[in-house]
> 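Have a look at the structure that comes next, please.
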2 protein chains.
Amino acid sequence: MIRHNPEKNRVVAPPGDAKDRLLLAAGQEFAEKGYEAATVRDICLAAGVNVAAVNYYFGDKKRLYIESVKHAHRERVRQVPEPDWPAGTAAARKLHDFIGNMLERMLGFGQPPWQVRLMLREVLQPTEACRELVEDYFRPHFELLVSILGELTGDAVDAPRLRRIALSVIGQCFLYRAAGDVVGMLVPEDERHDLHSLGQLTDHIAAFTLAAVGAGPSLAPAASHRRGPPAEPAAS
Amino acid sequence: MIRHNPEKNRVVAPPGDAKDRLLLAAGQEFAEKGYEAATVRDICLAAGVNVAAVNYYFGDKKRLYIESVKHAHRERVRQVPEPDWPAGTAAARKLHDFIGNMLERMLGFGQPPWQVRLMLREVLQPTEACRELVEDYFRPHFELLVSILGELTGDAVDAPRLRRIALSVIGQCFLYRAAGDVVGMLVPEDERHDLHSLGQLTDHIAAFTLAAVGAGPSLAPAASHRRGPPAEPAAS
DNA sequence: GGCCGTTTGAAACGAGCGCTTGAAACGAAT
DNA sequence: ATTCGTTTCAAGCGCTCGTTTCAAACGGCC
């Protein structure tokens, strides 16, 4: 229905239908500036379409926003599939890979980061599009992490505590995505590169978590031998 | 200089100078809606002052924003002082208290949460006011946490790794502040209350961290006795 | 009282916003 | 060739925004 003679397109016109270009440009603009600050004029300029196209295809700005979030979400799912291990893979290895995968998805090295930024906005201040995002995208990964942790602890830990441990893992990764700038200000200049290196970050968080659940060596080599009274467990 | 006859105040006029009322109302509005979405008209309406007062006292909207962030920050420092322990307090107890203190500051039970929300916005998307916030407010707490962790590990861990561990602690707390809504969606209904209870959250994060650095029991009671080969340490 | 610097007030300015409009341009069917 | 539904366009509508303006009201001082 669309697709005129390609050599007669008036504008610079990136590839794709006007609707797709609109979704793409909207996602980038909304991710960069937020819903309020982004303007439909700028979005349409970037997409190479007329402002009326927003009203034509989506009705209004709000529905354009919701659709662009869903679109970015679907794209991200397609780009970064869940890891898949051969049967019999050690749980510790799975955890390490999972953390690396999650960090790569969050910090998004190699991929355009605007999709994650868009989702981050939904996480921090949920709108209508958030519930769908959680059910379709976050929950499967969360459940996978919980199952890995269950396997790791030999099913000796009950589900609520497993979920809390999973949230501890996610929190460690999430900090670098959400507060990366502040984290960068808190560490000395020369550590900054290592801190944001995917490999070293993965190793640290995996080691920290494995040690916490008793499936790996403690992070304090000298401290592990003074295992008498656990230094007063600090009851609440 | 200000202070007319108090019984002649024309508007509802909450207590304080017009400038202070403006700072307070601006902080609340900016925290709630963000810089772009908040309007000077609404702020002035809430403060009970004329719109011209913004230009008179602060010049423009941007400077009003920066001053309101600094103001909120100063207020918060006054409200929640750093914990102070008697000499000889066990490091594990200090860590537990520190985490509880940080969670209380972040989740802000009992205090109006808008100040934290305002600072959170700066963390997630830093503006000019952010650097001051980090140096005056975050860094002292961060350094304190690092020193506690150093004490806890008996100085057997080098500074860069200590900093990474500190960030792991902060990340665990930060998740509940920044992504509390999504966290609530991921856990079953009946766990939600426990999950956001300050005491249980503090206990979990403290126990998780103590176990990770080898200063406390593992979180997986049954797993700690099968301490032979650590289930393949998942080399990178 | 008369004056002065400071503070408050109502009104309006220009700019930019989201959204609408009516017509033109197009491919496909007749 | 004409018609039709679909898609694109420039222009402008009404509105709200941040900011400015100018005059009135005030306390302190001579």
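Sequence lines set the chain letters: A, B, ... in the order given, protein chains first and strands last, and positions in each chain run from 1.
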> Within this structure, what is the NZ-to-P distance between B:Lys19 and C:dT8, rounded to whole angstrom?
12 Å
> Please classify the nucleic acid contact of B:Val51 as base, sugar-phosphate, or nothing, using heavy-atom distances under 4.0 Å.
base
> Taking for each residue the nucleotide of DNA chain C with the nearest heavy atom, is it B:Ala53 or A:Ala52 whose nucleotide lies nearer the 5' end?
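The residue closer to the strand's 5' end, by nearest nucleotide, is B:Ala53.
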> Tell me: CD1 of A:Ile43 to P of C:dG18, nearest whole Å?
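Whole-Å distance recorded here is 8 Å.
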> In this structure, how many angstroms lie between the P atom of C:dG18 and the CZ atom of A:Phe58, rounded?
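Whole-Å distance recorded here is 15 Å.
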> C:dA10 P sits how many Å from B:Leu45 CG, rounded?
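The distance from CG of B:Leu45 to P of C:dA10 comes to 12 Å, rounded to the nearest Å.
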> Whole Å only: how far is the OH atom of A:Tyr65 from the C1' atom of C:dG18?
17 Å
> Nearest-Å distance, CG (B:Asp17) to P (C:dT6)?
16 Å
> Please check the phosphate of C:dT8 (OP1 and OP2 only) for any side-chain N or O of B:Tyr57 closer than 4.0 Å.
yes
> Report yes if at least one side-chain N or O of B:Asn55 is closer than 4.0 Å to OP1 or OP2 of D:dT19; otherwise report no.
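Negative; the distance criterion is not met.
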> Apply side-chain contact (heavy atoms from CB on, under 4.5 Å) to B:Asp84 and list each qualifying residue two or more places apart in sequence or on a separate chain.
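So B:Asp84 forms no side-chain contact (heavy atoms from CB on, under 4.5 Å) with any residue.
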> Would you please confirm or rule out a distance under 4.0 Å between OP1 or OP2 of D:dA10 and any side-chain N or O of A:Asn50?
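Yes, A:Asn50 has a side-chain N/O under 4.0 Å of OP1/OP2 on D:dA10.
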> For the residue pair A:Asp203 and A:His96, confirm or rule out a side-chain donor-acceptor distance under 3.5 Å.
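Present: a donor and an acceptor within the cut-off.
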> Starting at atom OH of B:Tyr56, determine the distance to atom P of D:dT21, rounded to an integer number of angstrom.
16 Å
> What pairs meet the salt bridge (charged side-chain N to carboxylate O under 4.0 Å, His left out) rule with one or both residues in residues 22-38 of chain B, with sequence neighbours excluded?
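Every salt bridge (charged side-chain N to carboxylate O under 4.0 Å, His left out) pair that includes a residue of residues 22-38 of chain B, provided the two are not neighbours, is B:Glu29-B:Lys33, B:Lys33-B:Asp42.
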> Does a donor on one side chain and an acceptor on the other come within less than 3.5 Å for A:Gln200 and B:Arg164?
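Result is yes, a qualifying pair exists.
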> Taking atom P of C:dC19 as reference, at what distance in whole Å does atom CG of A:Leu22 sit?
13 Å
> Identify every side-chain donor-acceptor pair in residues 181-188 of chain B under 3.5 Å, counting partners at least two apart or on other chains, and give the distances.
none

> By side chain to side chain donor-acceptor pair (under 3.5 Å), which residues pair with B:Lys62, not counting sequence neighbours?
none
> Applying side-chain contact (heavy atoms from CB on, under 4.5 Å), can you list everything that pairs with B:Lys94, at least two apart in sequence or on another chain?
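Testing B:Lys94 for side-chain contact (heavy atoms from CB on, under 4.5 Å), a comparison that skips the adjacent residues, returns B:Trp85, B:Thr89, B:Ile148, B:Glu151.
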> Show each protein N/O and nucleotides 13-18 of chain D N/O combination with a separation under 3.5 Å, one pair to a line.
| unit_1 | atom_1 | unit_2 | atom_2 | d |
| --- | --- | --- | --- | --- |
| D:dG18 | OP1 | B:Ala38 | O | 3.3 |
| D:dG18 | OP1 | B:Lys61 | NZ | 2.8 |
| D:dG18 | OP2 | B:Val40 | N | 3.0 |
| D:dG18 | N7 | B:Arg41 | NH1 | 2.6 |
| D:dG18 | O6 | B:Arg41 | NH2 | 2.8 |

